[in-house]
Amino acid sequence: MKNHPNLKLCLGIDPNPNKNDLESFRDSVYKHMEILDFCSSSLEHRVIKPQLAYFLSYGSSGILLLEELIARFQKQYTIILDAKFNDISTSFKAYLNFVFHSLGAHGVTLSPFLGEKTIQMAYEEGAKHCGKKARSFVLCATSESSQGHLSFIQSNWKKTLLACSEIRNEIFQGEESLYCTTGVVVAANRNEVLFSDELKESNLSVLAPGLGVQSSDWNVIRNCSNHPNEIIFPFSRAIFSGGNIPIESMNENLITIQQYF
Ligand SMILES: O=c1ccn([C@@H]2O[C@H](COP(=O)(O)O)[C@@H](O)[C@H]2O)c(=O)[nH]1
């Protein structure tokens, strides 16, 4: 990590206990928090990515726990809510209020399906609330995607990159210190996009999920060491295993992964 400041390890918060009850979920969330407490001084880049779906599945009790987690770690960490939100702009504004105002997260993942206006809103709202700490990521090339009729959605990834970088240039008008707040999701197993000239020239920040349990080739991290973009690699199950393993094992997993950075 010290040698490659563009590469950032992100702790993915996906609490998913084997037992399907609120008490087990709460225990799992608190185990994640224990590691976050422990890491808040030792990790060089402190980025976390809570997956909204797991919290939502416990209704209002899950959301209360998410609020607690974000309030507790908001200062030490950059918090990206993995929610993949979008809607028409009036409704999307309410999603953004939830992320940046009610929760106090620093960024969100969003779908580009409804067009440029909502991407602009997400990038602007992030910078307005969190300045340089903001990070919002538009889905571009995901770790799972259609191989059938719907593959057209992602086959135009170059246009997604172009749209995002043009929106960023338009919003920030050369204020380059804010460029890092705007990004795209390009999964770590999407080499054709991750190592493309288009992505490198875009200067967009990259959220690259898909390592850990989804792929065993963690060398992609080292292969990115000369990449010009900021690349954030989230690891969830490979560290926390949904919260189903002892804290000591989580720590060991984290140490193994850190060696790749
Ligand atoms: O393309 C994508 C976009 C998002 N995700 C999310 O990232 C984590 C991955 O968890 P791991 O346990 O590290 O595999 C999860 O929350 C996904 O919803 C993704 O995997 N791929």
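Residues take their numbers from the sequence shown, with the count starting at 1. In listed order, ligands and their atoms are each counted from 1.
- Contact annotation: for S236 versus ligand 1, heavy atoms closer than 4.0 Å belong to both the backbone and the side chain.
- Members clustered with L207: V47, I80, F137, L139, V185, I232, by chain and number, using a 4.5 Å side-chain heavy-atom cutoff among hydrophobic residues.
- Within the 4.0 Å heavy-atom criterion, the part of D82 lying near ligand 1 is the side chain and not the backbone.
- Scanning the protein heavy atoms around atom 21 (N) of ligand 1, the nearest turns out to be S143 OG, 2.7 Å.
- If you look at W218 and F235, their ring centroids are closer than 6.0 Å.
- N253 and T256 form no side-chain donor-acceptor contact under 3.5 Å, judged by distance and modelled atom types alone.
- Nearest protein heavy-atom neighbour of atom 20 (O) of ligand 1: Q214 NE2, 2.8 Å.
- Taking the six-membered ring for Trp and the full ring otherwise, the centers of F25 and F55 sit less than 6.0 Å from each other.
- A salt bridge is defined here as a Lys NZ or Arg NE, NH1 or NH2 lying under 4.0 Å from an Asp or Glu carboxylate O, and R190 with E192 meets this definition.
- The proximity of Q51 to ligand 1, defined as any non-hydrogen pair under 4.0 Å, is limited to the side chain.
- Under a 4.0 Å heavy-atom criterion, D14 is in contact with ligand 1.
- In terms of protein heavy atoms, atom 3 (C) of ligand 1 is closest to P209 CG, 3.5 Å.
- The list of ring-ring contact (aromatic ring centres under 6.0 Å, His included) pairs with a residue in residues 173-196, not counting sequence neighbours, is empty.
- In the candidate list R190, E144, K84, K49, K49 is nearest to atom 7 (O) of ligand 1, counting heavy atoms.
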